[in-house]
Amino acid sequence: MDLSYILNELGEERDQYFNAIAPPIIQTSNFMFPSVAAMRADLPFEYERHFYTRGNNPTVAILRKKLAALEGTEDALVLASGSAAIAAAVLANVQQGDHIVCVQKPYSWTLRLMRDYLPRFGVTTTFVNGTDIANFEAAIRPETRLIYLESPNTFTFELQDIRAVAELAKSRNIVTMIDNSHCTPLFQRPIELGVDIVMHSGSKYLGGHSDAIAGVICGTTAMMKRIFSGEYMTLGAIISPQNAWLLLRGLRTLQLRVQRSDDSARQVVAFLEQHPTVRRIYFPLADSHPQIELARRQMTGCGGLITLSLNTDQVATVDTFADGLKRFLLGVSWGGHESLVFPASIGYDPTTPPADENYNLIRLYVGLEDPAVLIDDLRQSLDAL
Ligand SMILES: *Cc1c(COP(=O)(O)O)cnc(C)c1O
């Protein structure tokens, strides 16, 4: 199935809604039945039929079909946030006494879930340096049920060899899950590499306009049904029809936006690489990335996230650089139209010497603006230091 078909046609039943090009937002909480017999007949099929919007909703259903097709899975579920999606999929695969192997430095709320929350229910996690497959092998125990990946992570961009980890997990009957938010389905295909569950924060590139929070999980129908009848319906962190529609609209331009962000980021990297005030650049497809060969093997693009450090030993200099940017807005998140800067120095006191070097990590997100404008902005702020 070609990408254009998925983004423009798949799942849209236009003859059901006046042949409108844009699908309707079916803003309803529940659905009625013509008879008791019809209601009874539908009862075992809440996963596929329409009872109540906490389960199924026609606007959300279009989105689910497109997302599953994008990742090459049988089905997908869409939740209220990326964090809700992670929690639902992880919880569905563990019970008391089980063990998870998770890559080091995952997304901050993934870390909270596994390090702080799950131990309350007797589920423990070992965090491993994912750059070496031997670390996964060493961490696996008889009670390991889940291996959780995030390749690359979204600050320092360490990668895991996805195919190798998936093979190892399969040989031990362990479920694998990956946070694929960074690459999007356009630049990395984890299912083809053997992963079981693919997760996305829909708040980033999939939505793409900084106006909706959403989360996605993709996998087999069996796995999606298990999550649906468990965490999805029970915890109830579902997406609203309105936000599902915003994601559908975002998807129309997914390829254009992600490609633009990727192209512009490479120009920004080329500029930063030759600037004397820049100490180091972190970018998965830069020649200087320590895992560049693996990156080229399993990623076909990169997207707009770049982290840099400055030639300084002062927290205040990092602050000044970030404050000096006019076109990169100061904020968290990424994946929208607007370029952003997020300095790790916010976690440090600028008046005392920092305890470690991480204050000097400054993450840029390159959005959809003219890259020349963004490079000029970086130049003026760097030159002023
Ligand atoms: C933002 C993000 C999440 C969480 O998604 P929300 O929609 O904010 O809950 C998870 N993983 C990564 C890599 C993210 O960037």
Side-chain angles (χ1 to χ4, degrees), residues 60 63 67 71 76-91 100 102-117 125 127 130 148-160 162 177-188 190 195 197-218 231-232 235-240 242-244 246-247 250-251 254 257-258 261 265 282-284 299 301-307 331-342 344 361 363-367:
V60 179
L63 180 61
L67 292 167
E71 279 297 354
L77 290 172
V78 192
L79 291 95
S81 70
S83 277
I86 293 165
V90 169
L91 285 167
I100 300 170
C102 179
V103 67
Q104 238 172 29
K105 296 193 283 174
Y107 179 69
S108 43
W109 296 95
T110 307
L111 178 66
R112 297 269 185 111
L113 173 73
M114 293 183 190
R115 188 194 60 195
D116 304 338
Y117 192 91
T125 300
F127 295 94
Y148 188 97
L149 307 178
E150 191 179 311
S151 185
N153 76 22
T154 53
F155 227 102
T156 43
F157 311 111
E158 287 88 2
L159 275 64
Q160 300 99 58
I162 299 171
M177 171 169 173
I178 189 167
D179 183 335
N180 201 29
S181 304
H182 178 280
C183 283
T184 82
L186 304 190
F187 289 153
Q188 183 163 275
V195 171
I197 304 171
V198 181
M199 172 272 156
H200 287 277
S201 168
S203 324
K204 311 295 162 55
Y205 277 127
L206 300 181
H209 293 73
S210 303
D211 53 11
I213 298 282
V216 178
I217 32 187
C218 303
E231 289 69 22
Y232 187 88
L235 303 179
I238 57 129
I239 194 169
S240 69
Q242 170 86 33
N243 275 0
L246 286 170
L247 255 71
L251 287 182
L254 179 68
R257 290 183 290 102
V258 171
S261 181
Y282 303 78
F283 187 68
M299 297 165 57
C302 213
L305 286 174
I306 305 162
T307 296
V332 297
S333 196
W334 53 275
H337 56 92
E338 78 291 9
S339 291
L340 293 162
V341 56
F342 177 56
L361 295 173
R363 188 178 73 183
L364 301 176
Y365 166 66
V366 178

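Just the heavy atoms: all of them, side chains too, but no hydrogens, waters or symmetry mates, feed the values below. Just so you know, ligand 1 is whichever comes first in the structure, and atom 1 is the first atom listed for that ligand.
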For [X] and [Y], does a side-chain donor sit closer than 3.5 Å to a side-chain acceptor?
X: Glu338; Y: Ser210; result: yes
X: Tyr107; Y: Ser83; result: no
X: Lys105; Y: Thr156; result: yes

Using a 4.0 Å cutoff against the non-hydrogen atoms of [X], which atoms of ligand 1 qualify?
X: Trp334; value: 15 (O)
X: Lys204; value: 1 (C), 2 (C), 3 (C), 14 (C), 15 (O)
X: Thr154; value: 13 (C)

Check: Is Met199 close to ligand 1, meaning an N/O of one under 3.5 Å from an N/O of the other?
Finding: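 Checking ligand 1 against Met199, no N or O pair falls under 3.5 Å apart.
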
Identify the closest protein heavy atom to [atom]: which residue and atom is it, and at what distance?
atom: atom 7 (O) of ligand 1; answer: Ser203 OG, 2.6 Å
atom: atom 4 (C) of ligand 1; answer: Tyr107 CE2, 3.3 Å
atom: atom 6 (P) of ligand 1; answer: Gly82 N, 3.3 Å
atom: atom 12 (C) of ligand 1; answer: Asp179 OD2, 3.4 Å
atom: atom 5 (O) of ligand 1; answer: Ser201 OG, 3.0 Å

Check: Do His182 and Pro284 have side chains that get closer than 4.5 Å, going by heavy atoms?
Finding: yes

Next item on the list: For the residue pair His200 and Glu71, establish whether any side-chain heavy-atom pair is separated by less than 4.5 Å.
Entry: yes

Check: Would you find more than 12 non-hydrogen atoms of other residues, nucleotides or ligands less than 6.0 Å from Phe155 atom CZ?
Finding: yes

Item checked: Derivation of the side-chain hydrogen bond (donor to acceptor under 3.5 Å, both in side chains) call for Tyr205 and Ser261 -> CA-CA 10 Å; Tyr205 277 127; Ser261 181; 2.8 Å; yes

Check: Which is closest to atom 9 (O) of ligand 1 in terms of heavy atoms, Ser83, Ser181, Pro152?
Finding: Ser83

Check: Has Trp109 got any heavy atom lying under 4.0 angstrom from an atom of ligand 1?
Finding: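 Contact absent.
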
Notebook entry, point to check: Strictly under 4.0 Å, does any heavy atom of Ala214 approach an atom of ligand 1?
Noted result: yes

Check: For the side chain of Ser81 and the backbone of Gly215, is there at least one donor-acceptor N/O pair under 3.5 Å apart?
Finding: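 Not at all, since once roles are kept as given, no pair shorter than 3.5 Å links the two residues.
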
